[in-house]
**Q** 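My questions all concern the structure below.
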Amino acid sequence: MTEHTVKSYGEELNHLTAEVTRMGGLAEAQVADAIDCIARRDAPLAQQVVARDERLDILQGEIERKAFKLIALRQPMAVDLRHAVAALKISMSLERCGDMAKNIGKRALILTEADPMSALTRSIERMGRLVQGRLKDVLDAYTASDLPRAIGVWGRDEEVDEHYNAIFRELLTYMMGDPRTINPCAHLLFVAKNLERIGDHATNIAEIIHFELTGEEIISQRPKLELSK
């Protein structure tokens with residue numbers, strides 16, 4: 001393998017990582033805006049969140065094609081293969097995070113037409129900021145190849161579950177107390193569930209980073225609360 005070929009190969013791997021990092025920034029912005037449109041009852045922002053999801057879909061497709069091409073033509077081994085596979089798997093998780101943000105945007109459009117439920121909205125926003133922070137931390141860990149930071153995200157998975165369970169109970173209390181709140185509360189419940197799933201994807205990405213950097217699966221069982229159904 002010539003020096004030029006080695007340099008070109010390294011550039012392809014670096015470009016793939018950069019594309020995933022760029023996609024991560026877009027996904028993080030989508031999640032942040034989805035939370036804002038719920039918190040501020042911002043219908044125009046919600047419409048933007050829904051419309052922008054296509055960008056993530058396109059970028060994920062491009063990363064997938066580049067990863068498959070690199071694997072097929074370069075036949076990477078060991079750590080290089082793990083880098084390529086990690087980029088592919090993380091892009092898939094980020095695409096799903098984008099889908100969840102789009103779903104939240106759609107719910108926000110409906111909720112802007114209902115009476116404000118400020119206490120519940122604040123609870124959703126707190127959970128959303130927690131999830132947003134976890135996503136940022138794990139993406140920073142990926143960019144910096146920071147294993148301790150990725151493990152830190154993985155170890156805090158229960159925090160999101162605790163928020164989800166608290167919101168679930170709060171929503172049930174509202175719905176039982178006033179049947180008129182059932183419809184908006186149902187939409188808020190779906191919002192909370194989407195946020196909980198984004199948190200799960202952040203944990204998945206942490207596990208992918210661990211394998212990428214060490215070549216080993218995380219042996220410990222993922223910390224998890226029994227979620228309300």
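Worth knowing before you read on, the calculation uses all heavy atoms, side chains too, and leaves out hydrogens, waters and symmetry mates.
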**Q** Mind checking whether Tyr164 and Leu195 have side chains closer than 4.5 Å, heavy atoms only?
**A** no
**Q** So how far is it from Arg65 CZ to Lys69 NZ, rounded to the nearest 0.5 Å?
**A** 11.0 Å
**Q** Would you say the side-chain atoms of His187 pair up with the backbone N or O of Ala108, donor to acceptor, closer than 3.5 Å?
**A** no
**Q** Membership question, hydrophobic clusters at under 4.5 Å side-chain separation (ILVMFWY): are Leu70 and Phe68 in the same one?
**A** no
**Q** At what distance, to the nearest 0.5 angstrom, does CZ of Arg156 lie from CD1 of Ile151?
**A** 11.5 Å
**Q** Can you give me the closest heavy-atom contact between Met23 and Gln60, atom names plus distance?
**A** CE-CB, 3.5 Å
**Q** Do the non-hydrogen side-chain atoms of Leu94 and Leu139 ever get within less than 4.5 Å of each other?
**A** yes
**Q** Going by an N to O cut-off under 4.0 Å, is there a salt bridge joining Arg129 and Asp36?
**A** yes
**Q** Among the clusters formed by ILVMFWY side chains lying less than 4.5 Å apart, do Met117 and Ile35 turn up in the same one?
**A** yes
**Q** Not counting sequence neighbours, list each pair that qualifies as a salt bridge (Lys or Arg N to Asp or Glu O under 4.0 Å) and has a residue in residues 15-24.
**A** Glu19-Arg22, Glu19-Lys66
**Q** Could you tell me if the side chain of Leu88 sits less than 4.5 Å from the side chain of Ile63, heavy atoms only?
**A** no
**Q** Do Val50 and Lys106 touch side chain to side chain, with heavy atoms closer than 4.5 Å?
**A** yes
**Q** Is there a path of hydrophobic side-chain contacts, each under 4.5 Å between heavy atoms of I/L/V/M/F/W/Y residues, joining Ile124 to Met175?
**A** yes
**Q** Evaluate the side-chain proximity of Ile104 to Val49: yes if any heavy-atom separation is below 4.5 Å, no if none is.
**A** no
**Q** Roughly how far, to the nearest 0.5 Å, is CE of Met127 from NE2 of His163?
**A** 8.0 Å
**Q** Would you mind checking if Arg96 and Asp99 are paired as a salt bridge, meaning a charged N to carboxylate O distance below 4.0 Å?
**A** yes
**Q** Between Lys193 and Glu196, is the closest basic N to carboxylate O distance under 4.0 Å?
**A** yes
**Q** Can you tell me if Ser93 uses its side chain to pair, donor with acceptor, with the backbone of Ile205 under 3.5 Å?
**A** no
**Q** Atom CE of Met100 and atom CG of Asp53: how far apart are they, to the nearest 0.5 Å?
**A** 11.0 Å
**Q** Using the side chain to side chain contact (heavy atoms under 4.5 Å, CB included) rule, take Ser91 and Glu62 through it: C-alpha gap first, then chi angles, then the decisive distance, then the call.
**A** CA-CA 10 Å; Ser91 74; Glu62 291 174 354; over 6 Å; no
**Q** Return yes if a side-chain donor-acceptor contact under 3.5 Å exists between Asp157 and Thr203, otherwise no.
**A** yes
**Q** Using side-chain heavy atoms (C-beta onward) and a distance below 4.5 Å, is Asp33 in contact with Arg52?
**A** yes
**Q** Is a salt bridge present between Asp115 and Arg180, judged by a nitrogen-to-oxygen distance below 4.0 Å?
**A** no
**Q** In this structure, would Ile110 and Leu171 fall into the same cluster of hydrophobic residues linked by side-chain contacts under 4.5 Å?
**A** no
**Q** Step by step, work out the side chain to side chain contact (heavy atoms under 4.5 Å, CB included) result for Asp146 and Asp140.
**A** CA-CA 8 Å; Asp146 187 338; Asp140 287 347; over 6 Å; no
**Q** With the 4.5 Å side-chain cut-off for hydrophobic clustering, are Leu172 and Ile182 part of the same group?
**A** yes
**Q** For Ala27 versus Leu56, what's the shortest heavy-atom pair and its separation?
**A** N-CD2, 3.9 Å
**Q** Determine, stepwise, if the pair Trp154 / Val138 fulfils side chain to side chain contact (heavy atoms under 4.5 Å, CB included).
**A** CA-CA 9 Å; Trp154 183 86; Val138 82; over 6 Å; no
**Q** Rounded to the nearest 0.5 Å, how far apart are CD of Glu54 and CG of Asp57?
**A** 7.0 Å
**Q** Evaluate whether atom CZ of Phe190 has more than 12 neighbouring non-hydrogen atoms of other residues, nucleotides or ligands under 6.0 angstrom away.
**A** no
**Q** So which heavy atom on Ile167 is nearest to which on Ala192, and how close?
**A** CG2-CB, 4.0 Å
**Q** Going by atom types alone, do Glu212 and His83 pair a side-chain donor with an acceptor below 3.5 Å?
**A** yes
**Q** Might you work through the side chain to side chain contact (heavy atoms under 4.5 Å, CB included) test for Leu13 and Thr17, ending with a clear yes or no?
**A** CA-CA 6 Å; Leu13 280 171; Thr17 300; 5.6 Å; no
**Q** Check for a donor-acceptor pair, side chain of Arg149 on one end and backbone N or O of Ala141 on the other, with a separation under 3.5 Å.
**A** no
**Q** Give me the atom names and distance for the closest heavy-atom approach of Ile198 to Ala101.
**A** CD1-N, 4.4 Å
**Q** Are Lys102 and Gln30 packed together at the side-chain level, in the sense that at least one heavy-atom pair is separated by less than 4.5 angstrom?
**A** no
**Q** Would you say that Ser145 contacts Leu213 through its side chain, given a criterion of any heavy-atom pair below 4.5 Å between the two side chains?
**A** yes
**Q** Using a 6.0 Å cut-off, check whether atom CE of Met92 has over 12 heavy atoms from anything other than its own residue.
**A** no
**Q** Side-chain donor-acceptor pairs under 3.5 Å in residues 39-48, sequence neighbours left out?
**A**
unit_1	atom_1	unit_2	atom_2	d
Arg40	NH2	Asp42	OD2	3.4
Arg41	NH1	Leu111	O	3.2
Arg41	NH1	Ala114	O	3.3
Arg41	NH2	Thr112	O	3.0
Arg41	NH2	Ala114	O	2.7
Asp42	OD1	Leu45	N	3.0

**Q** Rounded to the nearest 0.5 Å, what's the gap from NZ on Lys89 to CD1 on Ile209? Could you check?
**A** 12.0 Å
